[in-house]
Amino acid sequence: MRNKEVSDKLYELAEIAEMAGENPFKIKAYNEAARIIENLTIPIEDLTKKDKLTEIKGIGKGIAEKIQEYLEKGTISKLEELKKIVPETLLEMGKIPGLGAKRVKTLYEKLNIKTIDELKGAALAHSISTLDGFGEKLEENILKSINEIRDKRNVRFLLGIAYPLASEIVGKLKENSPVDKITVCGSLRRMKETIGDIDILVTSKKSEKVMDYFVSMPLVKSINAKGDTKSSIITFEGIQVDLRVVEPSSYGAAIQYFTGSKEHNVRLREIAIKKNLKLNEYGLFDIDSGRKVGGEKEERIYEILGLQFIPPEMREDRGEIELAQRYEIPELIKISDIKGDFHVHSNYSDGSNTIEEMALYAKSLGYEYIVVSDHAKALGVAHGLSLERFKEQKKEIEQINKKVHPFKVFQGVELNILSDGSVDFEDKDLSFFDVCLAGIHTGMNQEESQITKRVIRTLNTKGVRVFVHPTGRIINGRDEYKIDVEKVFEEGKKNKSVFEINASFERLDLNDVNSKNAVFNYGLKIEIGTDAHSTNSMENMFYGVGVARRAWLTKESVINTMRIKALESYLRGEL
DNA sequence: GCCGTTTTCGGCCCGACTGTTTTCAGTCG
């Protein structure tokens with residue numbers, strides 16, 4: 001699947017075309033096409049072969065030809081031509097806050113500035129402020145930004161770090177300041193795997209008091225801004241938190257606006273225009289009369305636009321708007337649908353709690369079961385267990401199950417997919433377990449064909465049912481290993497394999513796009529497991545459900561929404 | 001460059017902020 005590659009190429013084309021001063025709407029079209037392909041779940045090369053590219057909305061004749069050219073020759077002639085006019089180093093300059101395509105172009109044309117170093121030199125020599133439209137202030141800001149860009153590097157925080165922090169702040173604001181309504185918006189509300197900053201929206205009759213308290217919270221490291229309607233702080237973790245106070249009559253519109261995504265909002269405003277309405281963060285207005293027709297409630301905005309309400313997690317303009325127009329938004333899976341955690345560890349391997357402690361904690365979360373899936377022997381660093389140890393474990397589990405009945409501990413195992421695709425134990429021994437999970441823990445640097453081949457061999461091993469953390473990525477830490485997910489899904493379909501959404505917030509693997517692909521294009525089933533190594537980590541289930549919701553999944557696609565009896569039948573292959 | 005329940009031509013989201021400006025361009029989200 002070469003979608004990512006093609007979409008990156010189109011983004012690059014858009015960036016360079018912008019620097020070259022091409023028609024802004026052409027650039028918009030390139031960016032739009034890139035984004036669509038990025039989120040596409042079918043391989044772009046298949047569509048190209050079947051000559052079906054232009055059937056995708058947003059891809060016309062021109063871009064289709066460019067994609068075809070790229071897939072065949074590895075280059076796009078238009079892009080190569082632009083590169084001759086625009087030095088690629090200008091793209092780096094464009095990333096400096098305050099410098100966009102227009103200013104970069106002017107700097108290049110008038111002062112022949114091509115690199116950040118040259119830019120710094122020019123700023124220090126005060127030659128930038130001599131240009132029309134450039135002033136001393138801008139020159140100063142450019143210098144400041146150049147110094148900042150080196151340590152900033154667009155940091156995004158993990159959902160699992162930002163979410164608890166946001167909840168804590170909301171709790172404090174409710175408790176200690178006169179807020180009426182309060183909602184967390186932005187990518188956090190959409191449960192995106194990483195978060196740029198935290199946006200909190202409130203209504204209040206005494207906004208100064210809310211702001212005073214907000215900037216004085218103990219977790220505040222520094223204050224960026226403090227005003228009547230907006231304040232902004234940085235916490236000790238380095239996360240920026242923005243707080244906005246809005247009028248109650250605009251609250252719904254503001255929530256909608258600040259939840260995004262940007263692309264989703266753009267589509268909504270386009271729909272509004274067609275209905276002779278204007279949508280902004282203050283409300284929905286009739287264009288002719290200027291009269292406000294909505295804004296207090298978010299649901300009402302969707303309703304007036306002729307749309308079914310769209311859950312925040314779906315708001316990425318990946319087809320959810322079309323679905324809402326047909327009133328076909330599915331009933332997404334909820335945390336309360338989860339009946340058990342499918343992937344936890346105990347102190348038999350590298351977990352820190354006993355099986356019984358894990359079981360009791362799971363019970364307190366309202367679960368009916370857990371699958372204890374300790375590491376098998378090949379993973380020495382995690383105290384992987386021999387078959388003999390698993391037999392001892394089985395005895396203990398039987399004892400615990402008597403105690404915690406009707407709650408049930410299933411005995412699973414997390415097998416290692418070894419470099420040749422075999423696993424820790426022989427095939428005949430796998431039936432010993434209630435369920436066998438398998439994952440890659442070593443040999444992650446192999447070539448794509450090799451990794452894909454070994455996973456396929458494992459999926460074809462009788463007894464192995466679940467493929468855990470299928471792409472191996474650690475967010476902000478390690479890239480996915482090279483694996484042909486399409487081939488693996490295809491093979492999974494033949495073997496009725498289950499794929500994991502690993503709910504550990506450093507992994508969230510499968511991610512939203514892959515999960516959606518697995519379920520909607522291959523009919524695969526998903527298991528959500530926290531991979532918890534201690535009782536508390538079982539709370540991360542919430543993030544896994546977030547990924548599932550972003551993938552549009554209903555509870556029917558997720559096997560650990562089943563009750564015990566149904567799951568037992570399913571694991572026996574009866575369902 | 002894309003698109004069409006008024007359109008195959010003429011549109012293409014919206015507002016805030018900043019800095020440079022006496023009415024606006026550029027950038028950003």
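Quantities reported herein were computed from a predicted structural model and do not represent experimental measurements. Letters A, B, ... are given to chains in the order of the sequence lines, protein chains preceding strands, and every chain is numbered from 1.
For the P atoms, the distance from B:dC14 to B:dC9 is 25 Å, rounded to whole Å.
With a cut-off of 3.5 Å on both pairing distances, B:dT8 has no Watson-Crick or G-U wobble partner at all.
Checking the phosphate oxygens (OP1, OP2) of B:dT18, no side-chain nitrogen or oxygen of A:N141 falls inside 4.0 Å. Phosphate proximity of B:dC14 to A:K262: absent, as no side-chain N or O sits under 4.0 Å from OP1 or OP2. Using a 4.0 Å cut-off, some side-chain N or O of A:K66 falls inside it from OP1 or OP2 of B:dG1. For A:K102, a side-chain nitrogen or oxygen approaches OP1 or OP2 of B:dG26 to under 4.0 Å.
Put simply, CZ on A:R267 is 16 Å from P on B:dC2, counting in whole angstrom units. Between the CD1 atom of A:I195 and the C1' atom of B:dG29 there is a distance of 15 Å, rounded to whole Å. We find that CD1 of A:I271 is positioned 13 Å from P of B:dT5, with the value rounded to whole Å.
Below 30°, between 30° and 60°, or above 60°: for A:Y302 and A:H264 the angle between ring planes is between 30° and 60°, a tilted geometry.
Among the atoms of the strands shown, only primed sugar atoms or phosphate atoms (P, OP1, OP2) are found under 4.0 Å from some heavy atom of A:E136. Counting any heavy atom pair closer than 4.0 Å across all strands shown, A:L268 reaches no nucleic acid atom. Contacts of A:A33 with the nucleic acid, taken as non-hydrogen atoms under 4.0 Å apart, are absent. Using a 4.0 Å heavy-atom cutoff across all strands shown, A:Y257 reaches at least one base atom of the nucleic acid. Using a 4.0 Å heavy-atom cutoff across all strands shown, A:K278 reaches sugar-phosphate atoms only and no base atom. Counting non-hydrogen atoms under 4.0 angstrom, A:I56 reaches the backbone sugars and phosphates but no base.
Evaluation of atom-type donor-acceptor distances gives a pair under 3.5 Å for the side chain of A:N23 against the base of B:dG1.
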Show the numbers, then the answer: is there a side-chain contact (heavy atoms from CB on, under 4.5 Å) between A:R2 and A:L71?
CA-CA 9 Å; A:R2 300 177 67 187; A:L71 288 173; 3.6 Å; yes
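Residue pairs meeting the ring-ring contact (aromatic ring centres under 6.0 Å, His included) criterion with at least one partner in residues 34-68 of chain A, sequence neighbours excluded, are absent. Residue pairs meeting the salt bridge (charged side-chain N to carboxylate O under 4.0 Å, His left out) criterion with at least one partner in residues 41-53 of chain A, sequence neighbours excluded, do not occur; the list is empty.
In this structure a side-chain-to-backbone donor-acceptor pair under 3.5 Å is present from A:Y251 to A:I182.
With B:dT27, B:dG15, B:dC2 as the choices, the nucleotide that has an atom nearest any side-chain atom of A:R103 turns out to be B:dT27. The side chain of A:I273 lies closest to B:dC14, out of B:dC3, B:dC14, B:dG1. Looking at the side chain of A:N280, the nearest of the listed nucleotides B:dA16, B:dC12, B:dC14 is B:dC14.
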